[in-house]
Amino acid sequence: MDLRNVLEELHRQGLQQIKEAHEMEKLNQIRVQFLGKKGPLSQALRGMKDLTAEQRPKVGALANTVRDDLQEAIDQAKKQLEQKATAAKLATEKIDVTLPGKKRRLGTKHVIYQIMDDIEALFIGLGYEVVNGPEVEEDHYNFEMMNLPKDHPARDMQDTFYISDEILMRTQTSPVQARTLEKHDFSEGPLKMISPGKVYRRDTDDATHSHQFNQIEGLVIDKHITMADLKGTLELTARHIFGSEREIRLRPSYFPFTEPSVEVDVSCFACGGEGCKVCKFTGWIEVLGAGMVHQNVLENAGVDSKVYGGFAFGLGPDRFAMLKYGINDIRNFYLNDVRFLEQFKGE
Ligand code: 2U9
């Protein structure tokens with residue numbers, strides 16, 4: 001058989017085999033078998049050297065055509081196989097978009113955090129910084145720096161979870177403020193901060209007591225801060241939370257870290273001050289504690305109390321939420337019963 005016949009036979013056989021191949025692997029085999037370096041086509045081309053000068057270009061052209069045809073037929077067959085595979089896959093993955101979906105229950109922000117976020121937003125608007133700190137604290141920051149030395153009788157006011165002699169669960173968020181005050185550089189301006197967060201008391205849980213609850217404390221220290229600044233801030237806070245019609249009144253009180261200290265009442269939001277069940281017929285509801293920062297607290301933090309002074313206040317978001325929504329058992333906030341929680345779809 002001369003070379004032309006060999007090539008034509010290869011062409012015919014190759015195309016036939018490609019037509020009959022139904023797998024990718026088989027097609028690859030055919031490609032190697034016919035077009036590979038050791039395949040019959042390469043072998044035939046090597047025989048070209050024995051041809052006459054006149055025959056060589058013609059046979060060469062034929063060899064090229066055979067190679068291109070076979071390659072194209074393989075590519076084509078591969079493409080068809082791929083299309084068939086995709087079609088088969090799509091057929092098995094068909095989804096019925098008319099089937100009813102799974103209902104996902106959407107949670108809501110916890111009612112306490114709704115209130116805390118609202119108060120934080122108010123103070124951020126007034127230029128305060130929101131500062132967080134550790135819940136496991138040193139006795140030094142929780143008590144000593146706050147003008148409550150070890151033998152101070154007022155330590156009994158706050159039963160404490162001690163972890164060791166010097167380490168405890170913070171009973172208030174003031175240690176965050178003490179830490180911040182200690183570090184504050186007054187050449188950069190006044191200190192205006194709030195510290196929100198969880199606090200812990202060694203209490204037996206009942207309707208009005210929880211061994212863990214929340215606080216937001218505020219602190220402003222600068223030159224020339226007066227009690228009028230405190231009163232204005234407290235009034236704004238009370239009106240923001242309980243309504244723009246509210247009035248506040250200050251009653252003298254005692255906290256070791258403030259002097260003078262006050263308890264703050266807001267006129268009853270339920271009756272407007274006339275007297276009702278909510279305010280126990282007094283027209284007033286106690287909502288905050290506050291005062292001018294004690295000079296010992298300033299000096300403990302390395303601040304010159306003759307030059308700088310300021311006010312502090314503390315409030316309980318749990319109590320605010322109970323008042324606002326008429327909740328009579330603080331434990332509801334911590335039981336995580338969705339039937340309770342889902343009633344507060346604020347955000
Ligand atoms: C520094 C100096 C003073 C924080 C203050 C109160 C008054 C207060 C409680 C009320 C009820 C919190 O929610 S509650 O348990 N707090 O009455 N807290 S003044 O005084 C500070 C804080 C930090 C450096």
Side-chain angles (χ1 to χ4, degrees), residues 112 115-116 119 123 128-133 137-138 140-148 152 154 157-160 169-184 186 190-203 208-222 225 227 229-231 233-234 237-238 241 248 250-266 285-303 305 308-323 330 333:
I112 300 275
I115 290 194
M116 289 177 78
I119 298 172
F123 281 96
Y128 286 56
E129 212 184 323
V130 180
V131 187
N132 295 298
E137 251 303 353
E138 293 172 30
H140 174 74
Y141 286 102
N142 192 82
F143 286 130
E144 297 278 332
M145 277 193 75
M146 297 302 294
N147 201 28
L148 279 144
H152 197 290
M157 278 163 60
Q158 303 178 1
D159 285 328
T160 309
M169 300 305 292
R170 69 181 181 193
T171 59
Q172 47 200 12
T173 60
S174 354
V176 182
Q177 298 178 295
R179 285 171 178 278
T180 312
L181 182 60
E182 194 179 52
K183 281 189 298 199
H184 189 73
F186 282 94
L191 174 63
K192 290 168 75 181
M193 66 175 290
I194 56 166
S195 48
K198 296 189 183 85
V199 298
Y200 300 82
R201 302 276 171 93
R202 239 186 88 189
D203 249 338
T208 52
H209 296 85
S210 169
H211 62 281
Q212 182 256 289
F213 57 101
N214 295 278
Q215 266 193 352
I216 297 180
E217 287 193 346
L219 179 68
V220 172
I221 307 287
D222 198 4
I225 300 283
M227 212 150 166
D229 298 312
L230 170 61
K231 196 174 175 199
T233 307
L234 295 171
T237 309
I241 309 288
I248 61 163
L250 308 185
R251 284 178 291 107
S253 184
Y254 169 78
F255 301 112
F257 26 85
T258 46
E259 180 59 36
S261 302
V262 291
E263 263 162 322
V264 186
D265 295 342
V266 63
I285 302 170
E286 186 192 324
V287 288
L288 284 134
M292 304 308 287
V293 176
H294 198 293
Q295 64 185 55
N296 290 356
V297 174
L298 293 167
E299 296 293 338
N300 287 345
V303 177
S305 62
Y308 294 99
F311 63 76
F313 57 87
L315 61 88
D318 300 61
R319 183 165 153 71
F320 278 27
M322 289 173 84
L323 286 170
I330 193 171
F333 296 132

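In each ligand, atom 1 is the first atom listed, and ligand 1 is the first ligand listed.
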Original post:
Given Glu263, Gln177, Met193, which has its nearest heavy atom closest to atom 22 (C) of ligand 1?
Top reply: Gln177
Original post:
Who's the nearest protein heavy-atom neighbour of atom 5 (C) of ligand 1, and how far?
Top reply: Phe257 CE1, 3.5 Å
Original post:
Just by modelled atom types, is the Thr173 backbone N or O under 3.5 Å from a matching donor or acceptor in the Gln215 side chain?
Top reply: yes
Original post:
So, does Arg170 use its side chain to make a donor-acceptor pair with the main chain of Lys198 at under 3.5 Å?
Top reply: yes
**OP:** State whether Arg319 and Glu286 are salt-bridged, where the test is any N-O pair (Lys NZ or Arg NE/NH1/NH2 against Asp/Glu carboxylate O) under 4.0 Å.
**Re:** no
Original post:
At a 4.0 Å cut-off, with the gap strictly under it, does some heavy atom of Gln172 reach an atom of ligand 1?
Top reply: no
**OP:** Examine Phe313 together with Phe123 and report whether their ring centres are nearer than 6.0 Å.
**Re:** yes
Original post:
Where do Ile248 and Ala238 come nearest, in terms of heavy atoms and distance?
Top reply: CG2-CB, 3.5 Å
Original post:
How far is atom 15 (O) of ligand 1 from its nearest protein heavy atom, and which residue and atom is that?
Top reply: Gln215 NE2, 3.1 Å
**OP:** With heavy atoms only and a cut-off of under 4.0 Å, state how Met146 meets ligand 1: side chain, backbone, both or neither.
**Re:** side chain
**OP:** Tell me which protein heavy atom sits closest to atom 21 (C) of ligand 1, plus the residue, atom name and distance to 0.1 Å.
**Re:** Ala312 CB, 3.4 Å
**OP:** Could you list the atoms of ligand 1 found under 4.0 angstrom from a heavy atom of Leu315?
**Re:** 13 (O)
Subject >> Non-hydrogen atoms of Asn132 and Pro196 that approach each other most closely >> reply: OD1-O, 3.6 Å
Original post:
For ligand 1, which atoms have a heavy atom of Ser174 less than 4.0 angstrom away?
Top reply: 22 (C), 23 (C)
Original post:
Can you tell which part of Ser261 has a heavy atom less than 4.0 Å from ligand 1: side chain, backbone, both or neither?
Top reply: neither
Subject >> The one among Gly316, Gly314, Ala178 that brings a heavy atom closest to atom 16 (N) of ligand 1 >> reply: Gly314
Subject >> Asn142 to Gln172 - nearest heavy-atom pair and separation >> reply: O-NE2, 3.3 Å
